[in-house]
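None of these values were measured; they are calculated from a predicted model. Here, residue 1 is the first one in the sequence, and each next residue gets the next number.
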Amino acid sequence: MVLAKQFVSSVRLAVKPKFISLKSLRPYLEPRNVTVQKGAEPLGISIVSGGNGGVFVSKVTAGSIAHQACLEYGDQLLEFNGINLRNANEQQARLVIGQQFDTVTILAQYNPHMFQLGNHSRSSSRMESISGQPANRDSGATSPDPLSDQDEGTVTPPSKHATPTTSPHNSFRFPGCSARRAAEPRLVRLKRIQVELGVLVCGGNLYGIFVEGLDDESPAKCPDGLLPGDLILEYNGICMKNKTKEEAYLEMLKPAETITFKVQNCVDNLPAIKESPGDGFFIRALYERVAEVEQELSFKKDDILFVEDTLPNGNFGYWTAWQLDENAQRLEKGQIPSKYMMDQEFYRRHSAADVKDDNGTGKTLSAAARRSFFRRRLKHKRSGSKDGKELMTLDGISTDSLPINEDGVSLMYQRVQRVQGSFPRPVVVLGPLVEASKDMLVKEVPDQFCRCLPEIMKASQQAIERGVKDCVFIDYKRRSGHFDVTTVASIKEIAEKDCHCLLDIAPHAIERLHSVHIYPIVIFVRYKNAKQIKEQKDPLYLRDKLSQKHSKEQYEAALKVEQEYSRFFTGVVQGGSVAFICTQIMTIVEQEQSKVLWIPEGAP
């Protein structure tokens, strides 16, 4: 493969791109995932738009992160950290790629044919930094491109000139990025004279929080105050990076006598920012909702939603979201109650009697915030917002059934992140008679399932526990004179053989798998009672008849596992014969392997 890539590189240097043989590049035509540890360091690529939409790598700096990750000239960037770039133009892609991420996952496809067919542009904006720092154009000189560093050592065939295009079918809309140099950050200090600052914001967690406009009575509307197009970097010492519009607005509602903004004016980007949803994150719904009016969105418990706006049209109290299918494709768009709105309703119903004012009168925990909530709502109705729709009511939602965390706070939505994985996921089967089921899977379908045999280790208890703490071992069992240890390396070795690894670990060890970025398919076998377990027979896999005592012990142990570890269960199968259980396990494994995997945001 290395020799082949060297050969391809030499062809690209010696021959014009339009004469590259697609037949010789066949292995590169399949989409592939590229994961890099980036941080603040630039990727080391330049991009241009294709004539029919999409963005392509037009230059790779030798020795850069992109070069080490095998990104190449002609690669089309299909997705960047899960964001669809298939129809994005160059400017749109730049604003997405310019975000600061510690880890970046790129879905790329070597596609020089479409790249050359498009009249792509080597426009002035190509020389901007995709690290988010535009090049200096005011002096008339071209600043160095931190992406490209220098032209020496790069594989960059000549390209044609044209104007980047935007596809009307773009599934994600990305704002453009200005080629002018950004102004220096500045501090704006104000004295608060009213509850609301009169600052209208746009953007969101994807692009940053921008000042869209100022009310006439706003204290920020002064010679040394805020300006339209200001990117809010900090507010009273709080970093506003990655804040949603709703979070930024709530932060600015907090009482304070004096206020300090740290801002940077990027007014050239404001028109594009205003026209695009600036928020973007995934959530798992932890309750079920049935829409009552046309613009609302119905969803079921555990559905995955993509939130694209937390303050739609300046209105507060609901989010604009998309319902996603199992492949993370968008199905339907609508409005859902915001987390803040749901929290307020939860507190109003459950905490009104717990908090008393000085006169002993019942009062909710967040009366001031609720006043701001409704004042904001009425204000936008008077000012004639774009839609003028009423905020949704929660009267039809039973908050009694909403999940509550250990701190007594209701959990309506859980922020989640998408996990990219190409290897077969390990399988953990819990419940009665699971050993017989695993034996049958290994014997009947050896090309799909393989047992992860523990390694025999003669070591001290302290050494084994240190290996668990260091995330080298997942679980262990003490034997006479040695330990049976399940290691991370053995699990990954089986996965690399394109086989599902059947793990023999305790339920509490599942969290250790998560800590090393291994997400097993956990299946629980549920029997109706101990009698059903005792009745099971199989001449090959259950030769010894279970006693009544043993059946009862297995049933009671299974009940305890379900009670304590059901949060880890991917699926539950109904108990029965060994063959029946194996059929259900294979069905669940096949379904789960094809699904997009979502884990809580911030989880290891």
Atom pair [atom1] ([X]) and [atom2] ([Y]), whose distance is rounded to the nearest 0.5 Å:
X: Leu231; Y: Phe210; atom1: CG; atom2: CZ; value: 4.5 Å
X: Met240; Y: Glu247; atom1: CE; atom2: CD; value: 8.5 Å
X: Thr61; Y: His67; atom1: OG1; atom2: NE2; value: 9.5 Å
X: Ile273; Y: Asp268; atom1: CD1; atom2: CG; value: 12.0 Å
X: Leu197; Y: Ile259; atom1: CG; atom2: CD1; value: 4.0 Å
X: Lys301; Y: Arg284; atom1: NZ; atom2: CZ; value: 9.0 Å

Checking [X] side chain against [Y] main chain: does a donor-acceptor pair fall under 3.5 Å?
X: Asp325; Y: Asn327; answer: yes
X: Ser46; Y: Ser58; answer: no
X: Arg425; Y: Pro520; answer: yes
X: Ser218; Y: Val199; answer: no
X: Asn236; Y: Thr260; answer: yes
X: Asn205; Y: Gly280; answer: yes

Passes side-chain contact (heavy atoms from CB on, under 4.5 Å), Leu200 versus Asp215? Steps please. CA-CA 8 Å; Leu200 182 62; Asp215 290 346; 5.8 Å; no

Are [X] and [Y] close enough that some pair of their side-chain heavy atoms sits under 4.5 Å apart?
X: Pro277; Y: Thr320; answer: no
X: Phe281; Y: Thr310; answer: yes
X: Ile304; Y: Val596; answer: no
X: Ile283; Y: Trp319; answer: yes
X: Ile518; Y: Phe423; answer: no
X: His514; Y: Tyr519; answer: yes
X: Phe316; Y: Leu311; answer: yes
X: Val416; Y: Glu601; answer: no

Minimum heavy-atom separation for [X] to [Y], with atom names?
X: Cys239; Y: Glu234; value: CA-CG, 4.2 Å
X: Leu190; Y: Cys222; value: CD2-SG, 4.2 Å
X: Arg186; Y: Gly225; value: NH2-O, 3.4 Å
X: Leu107; Y: Pro31; value: CD1-CB, 4.0 Å
X: Cys471; Y: Ser515; value: SG-OG, 4.0 Å
X: Glu212; Y: Val201; value: OE1-O, 3.8 Å

Would [X] and [Y] pass as an ion pair if we require N to O under 4.0 Å?
X: Lys339; Y: Glu246; result: no
X: Asp309; Y: Lys245; result: yes
X: Arg86; Y: Glu79; result: yes
X: Asp75; Y: Arg32; result: yes

For Thr103, enumerate each residue passing the side chain to side chain contact (heavy atoms under 4.5 Å, CB included) test, keeping only those at least two apart in sequence or located in another chain. Thr35, Gln37

Neighbour count above 12 (heavy atom, 6.0 Å) for [X] [atom1]:
X: Asp224; atom1: CG; result: no
X: Lys221; atom1: NZ; result: yes
X: Lys595; atom1: NZ; result: yes

Checking Leu226, Ile209, Ile238 against Ile232 for side-chain contact (heavy atoms from CB on, under 4.5 Å), the one that qualifies is Ile209

Lys333 and its side-chain hydrogen bond (donor to acceptor under 3.5 Å, both in side chains) partner, picked from Gln323, Glu308, Gln295: Glu308

Applying side-chain contact (heavy atoms from CB on, under 4.5 Å) to Ile97 and Ile47, what does each step give before you reach the verdict? CA-CA 10 Å; Ile97 298 174; Ile47 60 172; 4.1 Å; yes

Determine whether Phe261 and Val211 satisfy the following criterion, side-chain contact (heavy atoms from CB on, under 4.5 Å), listing intermediate values before the conclusion. CA-CA 11 Å; Phe261 286 89; Val211 176; over 6 Å; no

Is it the case that Asp230 and Asn265 place a side-chain donor and acceptor less than 3.5 Å from each other? yes

Over 60° means perpendicular and under 30° means parallel, so classify the ring planes of Phe282 and Trp598, tilted if in between. tilted

Are Tyr413 and Tyr287 near enough that their ring centres are under 6.0 Å apart? yes

Given side-chain contact (heavy atoms from CB on, under 4.5 Å), test Glu332 with Leu297 step by step and report yes or no. CA-CA 8 Å; Glu332 186 178 358; Leu297 183 66; 3.9 Å; yes

